Amino acid sequence: MTTRAEPGDDQGDQGDQGLSAIMSERRQLINLGYRLLGSLADAEDVVQETYARWYAMSAQERQAIESPGAWLMTVASRICLNLLGSARARRETYVGDWIPEPLPEPTEWIAGRSGAGGIDLAERVTLDESVTMAFLVVLDSMTPAERVAFVLHDVFRYPFGEVAEIVGRTPAACRQLASSARRRVRTAQTPAGPSAGQARIVRQFRTAWQAKDIDALISLLDPDATATADGGGLAVTHLLPIVGGEQIARAYAEIARVAGHRTTFLECTVNGLPGLVAQQDGDIATVFAFEIAGDRIRHIWAVRNPEKLRPWRIG
C-alpha cells in the first residue's frame, strides 16, 4: 500500500513558508481525501478548505508550526472525519446506490487527450490496491472513525499516537478501530489474479456483451455475482443491485439491445484495474469497474452519475 510520505521534507527553512513548498503537499492531501471520502470532488474541497485554514493564520502562527506538512494532513483528516459523519445522513436522500467515484489511469486517458497539458499533476491520485473499487466499497461500509484510523495507519503509515490525536481517541482505541477495519477488509477480499488475466476476462465480457450472448456472459459471471449501478437520480439505471450471474447476463444483454449502435464499449483502467467505458455518441456515459475472483466476475459497479464522471471528461 501507499507508504507514508515524510511531511515537511520539501519545506526548506522554517521561516515564512513559501507557497510552492506548502502546495507541494497538495497531491498527498488529494490522495488522503480520496481514500477517506471516495470522491475526488470532495477531496478537492477538503484540500481547498485545508489551505484556507492555513492561510487564515498569521505569518507568525504559521512560522511556529514545526512541520507544515504534518499540520496540513492533520487538518485534512479532521475535515474528512467530520464529512464522513454527515455523509450517512446525505446518503438517505441519495437516489439508488452510492458508488465511489471511479478514476481513470492518467497515462491511459488524461495524457492522451487534447488539452492534457493543463492537467495539474497534483490532482492525480496514486492508483494502488488501496483505491480499487472493491477496497473503496469496503471502506465505505466502515464507521468514520474506523475508516480514518485504518487509512491513516495502514495506508499512510501514521503511528497510532498521531492517529489518536486526529481521531480524538486513545492510541489503544485507534489500534482496535484499525484492527476491526482490517478484519472487514480481509473478509471482503477475494484472491485477485494477474492483471493480464483480469484484462482477458473483461475483454471476453465486452465481446459477449456486445454480441448479446447470454450463455457466454453467464460463463464469465460467478453464479452469486452482483451488479450495482449509481445514477444518482441524474441518469437512468437499475436502482437495486442485480443478484445472480444469469440475472445479470440477461439484464446486461437487454441493456446492449436498447443501447444499439449508439454505444461503444472501450477497455480501460478503472482505479488501477481492468474495466470498461461506455461511450454514447462519443460522450462517456458509464464507467464499469469489476471484481474478479479466479476466472469469474464477482461484482460489477456501473457509475452513470455524470457528476462522478468529471475526471473522465477532462480535455
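The residues of the chain are indexed from 1 along the displayed sequence. Just so we're clear, the structure is a prediction, and the values are computed from it rather than from any experiment.
- For residues 226-248, the pairs satisfying salt bridge (charged side-chain N to carboxylate O under 4.0 Å, His left out) are Asp230-Lys308, Glu246-Arg250, with sequence neighbours left out.
- The shortest distance between side-chain heavy atoms of Ile292 and Val202 falls below 4.5 Å.
- Hydrophobic clustering, with ILVMFWY side chains joined whenever heavy atoms are under 4.5 angstrom apart, keeps Leu273 apart from Ile300.
- By the 6.0 Å contact criterion, CZ on Arg296 is enclosed, its count of non-hydrogen atoms from other residues, nucleotides or ligands being greater than 12.
- For the pair Asp283 and Arg313, the salt-bridge criterion is met [side-chain N within less than 4.0 Å of a carboxylate O].
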Q: Would you sort out whether Leu217 and Asp213 count as a side-chain contact (heavy atoms from CB on, under 4.5 Å), showing the intermediate values?
A: CA-CA 6 Å; Leu217 288 171; Asp213 188 336; 5.6 Å; no
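- Although no hydrogens or angles enter the test, the distance criterion places a donor-acceptor pair under 3.5 Å between the side chain of Ser141 and the main chain of Val138.
- The line from CG of Asn305 to CD1 of Ile99 is 10.0 Å long, rounded to the nearest 0.5 Å.
- Closest non-hydrogen pair, Val303 versus Pro100, comes out as CG2-O, 4.1 Å.
- Rounding to the nearest 0.5 angstrom, the gap separating the CG atom in Leu276 from the OG1 atom in Thr264 is 12.0 Å.
- Contact between Ala249 and Ile218 at its shortest, heavy atoms only, is CB-CG1, 3.5 Å.
- In this structure, Asp154 does not pair ionically with Arg35, as no charged nitrogen and carboxylate oxygen lie closer than 4.0 Å.
- Residues that satisfy the ring pair (Phe, Tyr, Trp, His ring centres under 6.0 Å) test with Trp209, not counting sequence neighbours, are Phe205, Tyr252, Phe265, Phe288.
- Side-chain atoms of Arg182 never come within 3.5 Å of backbone atoms of Phe150 as a donor-acceptor pair (strictly under, hydrogens ignored).
- Side-chain heavy atoms closer than 4.5 Å link hydrophobic residues (I, L, V, M, F, W, Y) into clusters, and following such links, even through other members, never connects Trp98 to Val137.
- Among all heavy-atom pairs drawn from Cys174 and Ala149, the shortest one is O-CB, 4.0 Å.
- With salt bridges taken as basic N to acidic carboxylate O contacts below 4.0 Å, one links Arg147 and Asp140.
- Scored by the salt bridge (charged side-chain N to carboxylate O under 4.0 Å, His left out) test, Arg262 finds Asp281 as partners (sequence neighbours excluded).
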Q.
Does Tyr158 form a side-chain contact (heavy atoms from CB on, under 4.5 Å) with Thr74? I'd like the steps, not just the answer.
A. CA-CA 11 Å; Tyr158 272 64; Thr74 297; 5.5 Å; no
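- Annotation: salt bridge (charged side-chain N to carboxylate O under 4.0 Å, His left out) contacts of Arg184 (sequence neighbours excluded): Glu146.
- Between Phe290 atom CZ and Leu220 atom CG the span is 10.0 Å, to the nearest 0.5 Å.
- With contacts defined as side-chain heavy-atom distances shorter than 4.5 Å, the pair Val46/Leu29 does not qualify.
- The main-chain N or O of Leu40 is found under 3.5 Å from a side-chain atom of Glu101 such that the two form a donor-acceptor pair.
- Side-chain contact between Trp301 and Val270: absent, with no pair of heavy atoms (C-beta onward) separated by less than 4.5 Å.
- Leu37 and Leu81 fall within a single hydrophobic cluster, where Ile, Leu, Val, Met, Phe, Trp and Tyr side chains are chained together by heavy-atom contacts under 4.5 Å.
- At distances below 3.5 Å, not a single donor-acceptor pair connects side-chain atoms of Asn271 with backbone N or O atoms of Met133.
- Rounding to the nearest 0.5 Å gives a distance of 8.5 Å between CZ of Phe135 and CG of Asp128.
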Q. What's the verdict on side-chain contact (heavy atoms from CB on, under 4.5 Å) for Phe156 and Val151, showing C-alpha distance, side-chain angles and the deciding distance?
A. CA-CA 6 Å; Phe156 287 89; Val151 169; 3.8 Å; yes
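- Cluster partners of Val258 are absent, since no Ile, Leu, Val, Met, Phe, Trp or Tyr has side-chain heavy atoms less than 4.5 Å from it.
- In plain terms, the two heavy atoms of Ala43 and Gly33 that are nearest each other are CB-C, 3.6 Å.
- Distance alone, capped at 3.5 Å, is enough to place a donor-acceptor pair between the Ser219 side chain and the Ala216 backbone.
- For the atom pair CD (Glu254) and NE2 (His238), the distance works out to 12.5 Å, reported to the nearest 0.5 Å.
- The minimum heavy-atom distance between Pro68 and Ile22, with the atom names listed, is CB-CD1, 3.7 Å.
- Atom CZ of Arg26 is separated from atom CD of Gln48 by 8.0 Å, given to the nearest 0.5 angstrom.
- Remark: the backbone N or O of Met57 is paired with a side-chain donor or acceptor of Arg62 at under 3.5 angstrom.
- Using a distance-only test at 3.5 Å, with no hydrogens or angles considered, a donor-acceptor pair links the side chain of Thr187 to the main chain of Arg183.
- A continuous path of hydrophobic side-chain contacts links Tyr55 to Trp71 [ILVMFWY only; heavy atoms under 4.5 Å].
- A donor-acceptor pair under 3.5 Å is absent between the side-chain atoms of Ser179 and the main chain of Arg175, judged by distance alone.
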(Q) Between Leu152 and Ile166, does the side-chain contact (heavy atoms from CB on, under 4.5 Å) criterion hold? Intermediate values first, please. (A) CA-CA 10 Å; Leu152 284 175; Ile166 293 171; 3.7 Å; yes
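- The cluster map of Ile, Leu, Val, Met, Phe, Trp and Tyr, joined by side-chain heavy atoms under 4.5 Å apart, puts Tyr51 and Ile65 in the same cluster.
- Of all the heavy atoms in Pro306 and Leu234, the pair that sits closest is CD-CB, 3.7 Å.
- Looking at heavy atoms from C-beta onward, Leu32 lies out of side-chain contact with Gln28 at the 4.5 angstrom threshold.
- Legend: residues meeting salt bridge (charged side-chain N to carboxylate O under 4.0 Å, His left out) with Arg186, ordered by chain and number and at least two apart, are absent.
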